[in-house]
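Just so you know, ligand 1 is whichever comes first in the structure, and atom 1 is the first atom listed for that ligand. We count residues from 1, following the sequence as given.
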Amino acid sequence: MSKIVIANWKMNPESLKEAGKIFKDTLKEIKTIKKNIEIVICVPFPFLSIGKGLKSKKVSLGAQNIFSEAKGSFTGEVSLTMVKSLGVKYVILGHSERRKLGETNKEINRKVLATLKAKVTPILCIGESKRDRDGFYLAFLKHQLTVCLSKVPKAQIKNIIIAYEPLWAIGKNAKYVATEEEFTEVQIFIKKVISDLYDIKMASTVRIAYGGSVHPLNANNFILGGADGLLIGRDSLKPKKFGEIVKNIE
Ligand code: PGA
């Protein structure tokens with residue numbers, strides 16, 4: 001199966017002009033990629049138009065959030081139909097930075113269901129804020145998964161990407177970077193939870209990516225450790241570095 005590299009620009013850059021330049025430069029950096037790598041660039045809503053006319057088979061456009069209702073009186077919200085009309089194929093859901101703003105597992109679950117219904121791929125983020133010796137963080141992850149996947153039909157599990165993003169490894173204030181062993185442990189655990197919720201076959205079809213301080217030098221470790229993909233924050237805004245990550249994986 002192809003590996004997936006997801007860029008999460010977060011609330012950056014500050015203008016459409018800059019966004020257009022980063023996008024163009026990123027496409028240039030990854031132009032030579034031949035192998036089976038899927039690249040998804042998740043940009044803020046006002047910049048989605050930069051993907052207009054995108055012809056690359058390797059690169060897709062993604063959003064960083066969505067509202068679960070299709071249309072109507074929801075001031076300030078954005079629907080799946082709207083972003084689909086701009087070419088969006090993936091949506092990041094439940095990122096820890098959104099959870100910090102108050103988004104709950106139940107809301108994320110509604111968004112997951114709506115995204116699947118719209119035939120857009122959800123990138124569901126889960127992650128604990130700290131690890132403890134007794135393994136309570138595993139129960140925390142299980143709870144996140146169980147609620148966020150509630151009512152997701154078995155046949156749809158293969159269409160979801162789960163991104164494991166431990167909070168302690170995200171952003172410039174990260175305490176330390178996760179090791180591939182730490183990722184692999186959780187990857188196995190996620191598969192076990194999916195297997196208990198559905199069955200073992202579903203557990204093998206779900207794609208599990210890693211995110212949190214991924215850079216050109218550590219990216220491949222996670223892939224060799226079994227990750228199906230990577231979610232990249234800071235280094236996705238630097239086309240050269242992002243290009244290096246993709247090339248290293250190739
Ligand atoms: P980072 O962000 O790569 O800057 O740590 C990852 C994320 O929050 O998705």
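By the 4.0 Å heavy-atom criterion, His215 is excluded from the residues contacting ligand 1. Put simply, no part of Gly211 is less than 4.0 Å from ligand 1, judged by heavy atoms.
The protein heavy atom nearest to atom 4 (O) of ligand 1 is Arg234 NE, 2.7 Å. From the protein, the heavy atom lying nearest to atom 3 (O) of ligand 1 is Gly233 N, 2.9 Å. Looking only at protein heavy atoms, the nearest one to atom 9 (O) of ligand 1 is Glu165 OE2, 2.8 Å.
Glu180 places none of its side-chain heavy atoms less than 4.5 Å from the side chain of Leu224. Using a 4.5 Å cut-off on side-chain heavy atoms (C-beta onward), Leu231 and Val214 make no contact.
Heavy-atom proximity to Asn8, at under 4.0 Å, picks out these atoms of ligand 1: 9 (O). Within ligand 1, counting atoms from 1 as listed, the ones closer than 4.0 Å to a heavy atom of Leu231 are 9 (O).
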Could you please spell out the steps behind the side chain to side chain contact (heavy atoms under 4.5 Å, CB included) verdict for Glu103 and Asn65?
CA-CA 11 Å; Glu103 198 164 272; Asn65 182 31; 3.9 Å; yes
Derivation of the side chain to side chain contact (heavy atoms under 4.5 Å, CB included) call for Ile208 and Phe183
CA-CA 10 Å; Ile208 305 170; Phe183 167 74; 4.1 Å; yes
List the steps and the verdict of side chain to side chain contact (heavy atoms under 4.5 Å, CB included) for Asp199 and Lys154.
CA-CA 9 Å; Asp199 59 39; Lys154 189 168 153 181; 2.7 Å; yes
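Here the options are Leu93, Thr104, Leu124, the test is side-chain contact (heavy atoms from CB on, under 4.5 Å), and the partner is Cys148; only Leu124 passes.
Side-chain N/O atoms of Glu165 and His95 include a donor and acceptor closer than 3.5 Å.
For ligand 1, the polar-atom distance check finds no N/O of Gly212 at less than 3.5 Å from any of the ligand's N/O atoms.
Here Lys10 has side-chain heavy atoms under 4.0 Å from ligand 1, and that is the only part of it that gets that close. Residue contacts with ligand 1 for Ile170 involve both N, CA, C or O and side-chain atoms from C-beta outward (heavy atoms, distance under 4.0 Å).
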